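Residue numbers count from 1 along this sequence. As the structure lists them, so they are numbered: ligands from 1, and atoms in each ligand from 1. Quantities reported herein were computed from a predicted structural model and do not represent experimental measurements.
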Amino acid sequence: MKNVYSNIYSFNKKTLKKSVNSLKLGNIVSLPTETVYGLGGNAYSKTAIKKIYEIKKRPKSNPLIIHYYSFKEANNDVLLNKNFFKLYKKFCPGPITFILKKKKSSKIVSSASATLNTIAIRFPKHRVVRTILKSLNFPIAMPSANLSSGLSPVNPLDVYDEFKKKIKIIIDGGQSKIGIESTVVDLSGKPKILRPGIISPNQINKTVKIILPKRNLKIKSPGMLRRHYSPGLPIVLNQKPSNDKHAYIIFGKISDNRVNYFNLSKNADLKEAAANLYKVMRKIKKKGYKKIFVSRIPNIGPGIAINDRLRRASK
Ligand code: AMP
Ligand code: MG
């Protein structure tokens, strides 16, 4: 990308060093991951964690995900168990977050986990964040790089739109391939899914038996009940707009294509639809639409995660 934004950097040796130094100083850097872009800070530094909550305007009750290079580093802070290793082997590095019991000796700043005795950990796959993690001797606390309750950013310009020059370093790692947040699995007790993601409940259930949600996922994790993932516009689900003034998010092949129709995936590919979800919602907002209608999205595989985000965005 030709960089007209002085705080967006392409990734090279020089900007790797710049990011690493900044993180070591307790500053916040925006980094690409395969799920969405994050706001990263030293998970062992009180000042860094404070900055993350302040910049995002995130409620203190909503804990952060801590990112590690591998299980070896995570082992310093959390109690790794059998179920963890089964899922780690299958899905990591990748778009899955584990809730585990915090070790007494853990150096994670307690405000990063909202003073809970559990910690959410993840091993991101994106080359940029992995290279940075490998260069550090501390893990990175990293929520999505957006103002609290809004849409997650999926490219560096989205991050810029959210914070302008408030973040001094945004690393350009291209468009986030997955485009929605990680699957969150609680392994601190009986395994259960707290947030669906591209790795579906069925996929996880094949490796570790989880308590499968009956109907709508009622999530009992801090920060997950409120409105979230919102584009800041009213959203009406499973309904067609009555006129062309409103945006209509559709899925699959449709013969009637109008300017106010935004297709998540013409091929009816749910993975593609997930990757396009936030991109499309940002586009609709930029075009000035005041209301969004959404057609029915199949509630299987990645569709479960898409419907979860849409439901919470519509609250
Ligand atoms: P985000 O940073 O926006 O990707 O959100 C991280 C999600 O992980 C939040 O919804 C948190 O509620 C959840 N989370 C983080 N840490 C914990 C924890 N210790 N226990 C339960 N949920 C957690
Ligand atoms: Mg978020």
Taking a cutoff of less than 4.0 Å between a non-hydrogen atom of the residue and any ligand atom, is S144 in contact with ligand 1? yes
Does R122 come within less than 4.0 Å of ligand 1, judged by its heavy atoms? no
What protein N/O/S atoms lie closer than 2.8 Å to the Mg ion (ligand 2)? S144 OG
Is T118 close to ligand 1, meaning an N/O of one under 3.5 Å from an N/O of the other? yes
Any nitrogen or oxygen of R58, main chain or side chain, under 3.5 Å from a nitrogen or oxygen of ligand 1? yes
What I want to check is whether the side chains of [X] and [Y] have a donor and an acceptor closer together than 3.5 Å.
X: D77; Y: Y68; result: yes
X: T33; Y: R122; result: yes
X: N27; Y: K51; result: yes
X: N202; Y: S200; result: no
X: T97; Y: S182; result: yes

Only heavy atoms of [X], strictly under 4.0 Å: list the atoms of ligand 1 that pass.
X: I99; answer: 17 (C), 18 (C), 20 (N), 21 (C), 22 (N), 23 (C)
X: N62; answer: 9 (C), 10 (O), 11 (C), 12 (O)
X: L116; answer: 18 (C), 19 (N), 20 (N)
X: P143; answer: 2 (O)

For ligand 1, note which part of S113 has a heavy atom under 4.0 Å away: side chain, backbone, both or neither. neither
Mind checking salt bridge (charged side-chain N to carboxylate O under 4.0 Å, His left out) for D269 and listing every partner two or more places apart, or none if nothing turns up? none
Q175 side chain near K279 side chain, heavy-atom distance below 4.5 Å: yes
Does a side-chain heavy-atom distance below 4.5 Å link L264 with L277? yes
With the threshold set at 4.0 Å, does a side-chain nitrogen-carboxylate oxygen contact exist between R282 and E162? yes
Heavy-atom distance to atom 5 (O) of ligand 1: which of K56, R195, E181 wins? R195
Which residues end up grouped with I250 if you chain together Ile, Leu, Val, Met, Phe, Trp and Tyr wherever their side-chain heavy atoms are less than 4.5 Å apart? V236, Y248, I254, Y261, F293
Taking only residues two or more places apart in sequence or in another chain, which ones pass side-chain hydrogen bond (donor to acceptor under 3.5 Å, both in side chains) with N299? N307
